[in-house]
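The structure under discussion appears below in the form of structure tokens.
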Amino acid sequence: MKVSVSRSGGIAGIRVTWEVQVDEQPDARSWRELLDALPWDETEESAPEPDRYVYRIRCAPHEVVLPEPQVAGPWKDLVDRVRAVNEGR
Amino acid sequence: MTATPRCAIVPPYLLVRLARLDDPRFAAAAEAARRSLLRDVPLRELRAAAHPPPRTFRAGTARERGRIDRAVWDATGLERLPGRLLARSEGWPATADPAVNEAYDGLGETHSLFWTRFRRDSIDDRGMPLEASVHYGRKYDNAFWDGERMVFGDGDGQVFNRFTRSLTVIGHELTHGVTQHTANLAYEGQSGAVNESLSDVFGSLVEQHAAGQGTAEASWLIGEGLFTDQVQGLALRSMRAPGTAYNDDVLGKDPQPDSMAGYIDTEDDNGGVHLNSGIPNRAFYLVAEALGGNAWEAPGQIWYDTLTGGNLRRGVDFAGFARATQAAAATRFGAESREHTAVASAWHEVGLGQSLVAGAAAE
Ligand SMILES: [Zn+2]
């Protein structure tokens, strides 16, 4: 199982993608719990705000596109965690 | 650890008045008051204090147009806006914090371009106070416009420096406010890329106007100085040569197209608003190059007339925007004037519309 977070936009317009192979993580179980608990089907449409990031989060079969202000709560936990693995923190 | 005076019994208005004192004899008190404003003061009162009515104001008299009113807030590493500390308000002396001073000065330069060149009285043309928040988030690699104010991160220090370092970025963010209060272009797809391009155009003009640079001397770069010296790149974007601002082994190459032939279809970035903006950016540069002199004069005036003229649809596409700039040029300078011709040729060169010059019209 793989989870990927792709961040585009921002004033720089530079896209960055972070990926995590969940099964290879020492805490794979807590990853799966976090992923299962995400409100994948409850995202709302909202007007984009200038220069804010746009996040595309994928974990088959799910995919959501979230504007930065909506990346809060469990979504923020997930993004922070995916980044931390990629940045070796 | 030294205890900071809490000043808890000092009413907020007095605290703010103290914090605003610029008499050197009261420097210590002013600083203590400013520090104590970090805590406990209801935001509503701080906001009122950040933008007190001008001293000359009397009930029933119109406020003086063109009068600037700035406030810079310190978000202190949190992601809450406007921030915990009112760091510098209109008329306060410079602080020890370069991000605060850069934001304050940048608000001033942006206000100056719009007021002195286009007689626009702040973002809404009704004297709206100009606000900035600095030190937003931790190592936050971005700057944005939240609908009311511009917001700046400190950068991560490895790829990005603090975002207030570039005057073009400050002008860019405030121009999003001007666009919001005028054409209010939808921030997606081609209208979003036009919205982005307008912010780059006026952001660049703010810098050129402040530095007194004509078209030939100007860098035409957006966000020069934002990358650390570990990055192979000059800036975020180049208006003169989109696609050439950086080429780095980690960040990759600047992906901006410079004409319709390179138009990028993508779902990311609200439909590539920061990518395809290279096309209208270059069109503006080509107008400035053809006309020479100062870009904030005829070229800036034409783009400003287009933005504020009331003829742009919210979802306008590149072709519609190109036509609108030509109409604005013809209205202000005359049909087939040098300016009108330059605008038509510029769009033709980036792959949009027909040149007015005989022989180049076949497309
Ligand atoms: Zn922007």
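All chains are named by letter (A, B, ...) in the order of the sequence lines, taking the proteins before the strands, and each is independently numbered beginning at 1. Keep in mind the model is a prediction, meaning the values are calculated, not measured.
Here the closest heavy-atom approach between residue A:P48 and residue B:N270 is recorded as CB-OD1, 3.5 Å. Taking all atoms of both residues into account, the shortest heavy-atom contact from A:A12 to B:L236 is CB-CD2, 3.7 Å.
Among the residues in residues 51-76 of chain A, those with a non-hydrogen atom closer than 4.5 angstrom to a non-hydrogen atom of chain B are A:D51, A:R52, A:Y53, A:V54, A:R56, A:E68, A:K76.
By the neighbour-count criterion of 12 heavy atoms within 6.0 Å, atom CD of A:E44 is sparsely surrounded, having that number or fewer from other residues, nucleotides or ligands. Annotation for B:R314: atom CZ counts as buried by contact number, over 12 foreign heavy atoms lying within 6.0 Å.
In terms of heavy-atom pairs under 4.5 Å with chain A, the best-connected choice from B:E188, B:E173, B:Q180, B:E196 is B:E173. The candidate from A:G13, A:G9, A:A47 with the greatest count of non-hydrogen atom pairs under 4.5 Å with chain B is A:G9. With chain A as partner, the option from B:F160, B:Y246, B:Y140 having the largest number of non-hydrogen pairs under 4.5 angstrom is B:Y140.
Between the side chain of B:H274 and the backbone N or O of A:I14, no donor-acceptor pair lies under 3.5 Å.
Residue contact with chain A, scored on non-hydrogen atoms closer than 4.5 Å, involves the backbone and the side chain of B:E267 alike. No part of B:Q256 comes within reach of chain A, as not one of its non-hydrogen atoms sits under 4.5 angstrom from that chain. Within the 4.5 angstrom heavy-atom criterion, no atom of B:N195 approaches chain A.
Put simply, CD1 on A:I11 and NE2 on B:H176 are 6.5 Å apart, with the number rounded to the nearest 0.5 Å. Atom CG of B:D156 is separated from atom CD of A:E87 by 8.5 Å, given to the nearest 0.5 angstrom.
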